[in-house]
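Worth saying up front: this structure is predicted, and the values here are computed from it rather than measured. Computation of the quantities below employed the complete heavy-atom set of this structure, encompassing side-chain atoms and omitting hydrogens, waters and symmetry-equivalent molecules.
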Amino acid sequence: MPNIAEFIKARMRIEALAGQIALSTERKIVQDAQQHLAEANELLETLKTWVANEVQVIVVNRLTRQLTALGVKVESMAARKPARKKQQKSV
């Protein structure tokens with residue numbers, strides 16, 4: 001079982017990825033957001049196996065909610081059709 005420092009390091013990495021996902025969604029970069037989300041979810045699954053006390057349970061639950069919300073945002077963004085550019089009429 002990993003120590004508290006490793007748990008904190010993994011948590012900080014997930015939080016950094018969540019920030020990158022939010023930034024990617026703001027900039028409408030779907031592929032980057034999906035990639036970061038997949039990596040964050042993978043780390044979260046690992047983190048769930050390391051939980052050893054109530055504080056860590058709270059952290060994992062918070063991160064789960066955060067990534068779930070970001071996942072919904074990324075999925076809805078990916079489902080949208082890209083906006084078409086208007087063609088200029090030649091005069």
Side-chain angles (χ1 to χ4, degrees):
M1 172 171 267
N3 62 24
I4 293 174
E6 290 173 354
F7 184 92
I8 292 170
K9 185 178 176 182
R11 184 208 70 203
M12 291 174 63
R13 178 68 182 137
I14 293 169
E15 290 172 343
L17 286 167
Q20 291 174 345
I21 295 165
L23 188 61
S24 294
T25 56
E26 286 176 18
R27 293 182 178 169
K28 311 250 188 259
I29 306 172
V30 179
Q31 189 174 10
D32 284 352
Q34 289 172 330
Q35 181 181 5
H36 293 312
L37 184 62
E39 184 180 347
N41 280 324
E42 187 177 313
L43 275 171
L44 182 61
E45 290 305 314
T46 302
L47 200 65
K48 286 178 182 180
T49 64
W50 295 353
V51 172
N53 60 47
E54 286 186 38
V55 173
Q56 291 175 341
V57 169
I58 292 169
V59 168
V60 166
N61 288 337
R62 178 182 57 80
L63 290 172
T64 300
R65 286 190 308 272
Q66 184 178 14
L67 291 181
T68 300
L70 287 170
V72 168
K73 194 172 186 178
V74 170
E75 285 178 25
S76 68
M77 189 175 69
R80 292 184 200 146
K81 294 181 180 178
R84 295 187 323 185
K85 293 183 181 178
K86 290 184 178 181
Q87 294 179 352
Q88 293 182 352
K89 295 181 182 178
S90 52
V91 181

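Summarising the geometry of Trp50 relative to Glu6, their closest heavy-atom pair is CZ3-O, 3.7 Å, with the distance given to 0.1 Å. Taking each heavy atom of Ala33 and Thr25 in turn, the nearest pair found is CB-CG2, 4.2 Å.
Applying the side-chain contact (heavy atoms from CB on, under 4.5 Å) criterion to Gln35, with sequence neighbours excluded, gives Asp32. Partners of Val57 according to the side-chain contact (heavy atoms from CB on, under 4.5 Å) rule, which considers only residues two or more places apart in sequence or in another chain, are Val51, Asn61. Residues satisfying the side-chain contact (heavy atoms from CB on, under 4.5 Å) criterion with Ile8, sequence neighbours excluded, are Ile4, Arg11, Met12. Looking at residues two or more places apart in sequence or on another chain, you find no side-chain hydrogen bond (donor to acceptor under 3.5 Å, both in side chains) involving Glu42. Qualifying side-chain hydrogen bond (donor to acceptor under 3.5 Å, both in side chains) partners for Gln20, counting only residues two or more places apart in sequence or in other chains: His36. Applying the side-chain contact (heavy atoms from CB on, under 4.5 Å) rule to Ala22 yields the partners Leu70; only residues at least two apart in sequence or on another chain are considered.
Distance check, rounded to the nearest 0.5 Å: CE of Met77 to CD of Glu26 gives 10.5 Å. Rounded to the nearest 0.5 angstrom, Ile14 CD1 and Leu47 CG are separated by 4.5 Å. Leu63 contributes atom CG, which lies 12.0 Å from atom CD1 of Ile58 (distance to the nearest 0.5 angstrom).
For residues 47-75, the salt bridge (charged side-chain N to carboxylate O under 4.0 Å, His left out) pairs, not counting sequence neighbours, are Glu15-Arg62, Glu45-Lys48.
Cluster membership check: Leu67 does not share its hydrophobic cluster with Ile29, using side-chain heavy-atom separations under 4.5 Å among Ile, Leu, Val, Met, Phe, Trp and Tyr.
Through ILVMFWY side-chain contacts below 4.5 Å, Val72 is grouped with nothing and stands alone.
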